[in-house]
Protein chains: 2
Amino acid sequence: MEANTRDRLVVAARDLFLAKGYNATGINEIVRTAGVHPGSLYHYFPTKEDLLVAVLEWYRDHLYDGLLQPVWERIDDPVERVFGLLDGYRQLLEMTNFDLGCPIGNLALELANSHPKARALMQVNFVQWTGAIRECLDAAADRLPEGIDTDSLATHVLTVMEGAVMLARTQRSFEPFDRAILHLRDYFDRLLADGTTWSAPVGCRPLSHLRGDE
Amino acid sequence: MEANTRDRLVVAARDLFLAKGYNATGINEIVRTAGVHPGSLYHYFPTKEDLLVAVLEWYRDHLYDGLLQPVWERIDDPVERVFGLLDGYRQLLEMTNFDLGCPIGNLALELANSHPKARALMQVNFVQWTGAIRECLDAAADRLPEGIDTDSLATHVLTVMEGAVMLARTQRSFEPFDRAILHLRDYFDRLLADGTTWSAPVGCRPLSHLRGDE
DNA sequence: GTCTTGGTTGAGTGCTCACTCAAATAGTAC
DNA sequence: GTACTATTTGAGTGAGCACTCAACCAAGAC
C-alpha cells in the first residue's frame with residue numbers, strides 16, 4: 001500500500017489543504033503526514049505553490065473516477081445525475097460534520113488573487129465540472145426549452161453548489177444547502193415543464209440601464 | 001479625518017482581510033497600514049482573532065448604510081432591489097478587477113472550521129443579509145406564488161450571489177457571474193408569472209430515496 | 001502640586017515559517 | 001566490480017509570525 005514519495009506528498013497536501021486551507025497548512029505538517037523528510041519535498045516541488053499546483057492537477061485528473069463515476073453508475077437519468085452529484089456534496093458535509101466542503105472552492109477564494117498558476121488550474125477544474133453537468137443537460141435537451149444554453153445553465157448549477165456549500169459550512173446546518181437545492185430543483189421543474197422555446201429573461205443583464213450604460 | 005486608534009485598526013484589518021485573507025495578513029502589516037504601533041493593537045485586541053471579530057462586527061453594524069441604503073434609495077421596486085444589490089457585487093468585481101469579492105464569504109471558507117467566534121458572526125452577517133432580501137420578497141408577496149417561503153428564497157439568492165462571486169473571481173470574468181444571475185432572473189420571472197399556489201418541487205430533498213432514507 | 005488611569009511606545013520574545021544543502025544512500029548500466 | 005544518476009536524509013538558515021512588556025505620556029480629579 002506504500003505509494004511513492006511524490007504521491008504521498010500530494011495526497012497529504014491535498015487532505016490538509018482541504019481541511020485547513022493553504023496558508024494555515026505548514027510544510028512541516030505536510031511532510032510529517034506524508035512520512036517523508038523536508039528535503040524530499042523540495043526534490044519534487046521547488047516551492048509550496050508547486051505542491052499546490054500538483055494537488056489541483058490531482059483533482060483535475062480524478063474528477064471522473066473520484067466524483068462523477070460513483071454517481072453516474074447508480075443514476076441513469078441525466079437530470080437526476082445533476083442532483084445526484086449535488087447530493088454527493090451534501091453527503092460530504094454530513095460525513096465530516098461540515099468540516100469539509102468543495103476542495104476547489106475552498107482554495108479559490110483564498111488564493112485567486114495571489115497565486116495565478118493555481119488560479120488557472122482551479123479554473124480548469126471548474127470548467128471540467130460544468131462540462132460534465134453540461135453533458136447531462138444536453139442529454140436531456142429534448143425535455144428542456146428549445147435553444148436554452150446548457151453551458152450557461154451548467155454554470156448556474158455550479159454556482160448554486162458552491163454557494164450552498166459555503167453557507168452550510170458557515171451555519172453548520174443543512175438548512176441553507178437544502179433551501180438552495182430546493183429552489184434549483186423548482187427552477188428545473190419549471191424549465192422541464194415549460195415546453196416552449198427559450199428566451200432570455202427581460203431583466204438581464206440586471207440593471208445595466210440604471211448604471212448609465214447605453 | 002483622523003479617527004481614533006481602535007477604529008483605524010479595524011478599518012485597516014477589514015481592508016487587508018478582504019484583499020488578502022486572514023492568514024495571509026500579518027499583524028505588522030495591519031499596524032503599519034493603520035499607522036499605529038504594535039503594542040497599541042494589543043491594548044484593544046488581545047489576539048488577532050479578537051480583531052477579526054471586531055471586523056465582522058463592523059460589517060454587521062454597517063450592512064444598512066454601507067450596502068443596502070445606496071441601492072434602496074435609487075430603486076423602489078422590491079424585486080429590482082434584490083437584483084440591484086446583486087449588481088452592487090458585480091460593480092465591486094468590476095472596480096477591483098476581480099480582486100475583491102464578498103467580505104464575509106471570503107473569510108467563511110478560510111475560517112469556518114478553526115475560528116468559532118468568527119464563524120458565529122459570519123452567520124449573523126448572512127442572516128442579516130438574507131433578512132433584508134426577505135423583506136423585499138415579502139413586499140412583493142402579492143406577485144409571488146401564494147405561500148412561498150420568502151426566507152428560503154432569500155437564502156437561495158445569497159447562495160447564488162456567493163457562488164457567482166467565487167466563480168467570477170476564479171475565472172476573472174463576468175461570464176459565470178452573469179450566467180448565474182441570468183438564471184436567477186429567469187427563475188424569478190417564472191415565479192412572478194406563475195400566479196398559482198406554491199408547492200414544493202417533487203424531487204426535494206433530492207435523492208433521499210436513493211440513499212436508503214425512509 | 002500628586003495621583004490615577006487610559007492610552008502609547010518600540011524594542012524584544014520565542015516560535016514556526018518556507019526553504020537550503022552537503023552528505024549519504026539506492027538504483028541502474030555496463 | 002565501477003560509474004553515474006536519482007533520491008533521501010535531517011540539521012540548519014534567515015525571516016517573519018503573533019505577541020509581550022516595562023517605561024512613558026497626557027489629561028482629569030483632587
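Keep in mind that this is a model prediction, so the values were computed, not measured. The basis for the numbers below is simple: all heavy atoms, side chains too, and nothing from hydrogens, waters or symmetry mates. Lettering follows sequence order; numbering is per chain, from 1.
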> Would you say B/Thr5 places a side-chain N or O within less than 4.0 Å of OP1 or OP2 belonging to C/dT8?
yes
> Where the side chain of A/Arg179 meets the backbone of B/Thr155, is there a donor-acceptor pair that is under 3.5 Å apart?
no
> For B/Tyr89, enumerate each residue passing the side-chain hydrogen bond (donor to acceptor under 3.5 Å, both in side chains) test, keeping only those at least two apart in sequence or located in another chain.
B/Trp129
> What is the distance, to the nearest angstrom, from the CG atom on B/Leu52 to the P atom on D/dA18?
13 Å
> Starting from P on D/dT9, measure out to CG on A/Leu9 and report it in whole angstrom.
11 Å
> Could you name each residue pair satisfying salt bridge (charged side-chain N to carboxylate O under 4.0 Å, His left out) that touches residues 42-53 of chain B, not counting sequence neighbours?
B/Asp50-B/Lys117
> Got a sec, which residues hit ring pair (Phe, Tyr, Trp, His ring centres under 6.0 Å) with B/Phe174, two or more places apart in sequence or on another chain?
B/Phe98
> How about A/Arg14 and A/Val11: do any of their side-chain heavy atoms sit closer than 4.5 Å?
yes
> Could you walk me through whether B/Lys20 and B/Glu29 satisfy the side-chain contact (heavy atoms from CB on, under 4.5 Å) test, starting with their C-alpha distance in whole Å, then the side-chain angles of each, then the deciding distance to 0.1 Å, before giving a yes or no?
CA-CA 11 Å; B/Lys20 316 184 15 167; B/Glu29 200 175 359; 3.0 Å; yes
> With sequence neighbours left out, which residue pairs that include part of residues 30-41 of chain A fulfil the side chain to side chain donor-acceptor pair (under 3.5 Å) condition?
none
> So, A/Glu162 side chain and B/Leu167 main chain: donor-acceptor pair closer than 3.5 Å or not?
no
> Would you please confirm or rule out a distance under 4.0 Å between OP1 or OP2 of C/dG7 and any side-chain N or O of B/His43?
yes
> Classify every nucleotide of nucleotides 9-23 of chain C by which part a protein heavy atom approaches to under 4.0 Å, writing B for the base, S for the sugar-phosphate alone and - for neither, in 5'-to-3' order.
BB------SSBBB--
> How large an angle, rounded to 10°, do the end axes of the helix from C/dG1-D/dC30 to C/dC30-D/dG1 enclose when each is built from five base pairs?
0°
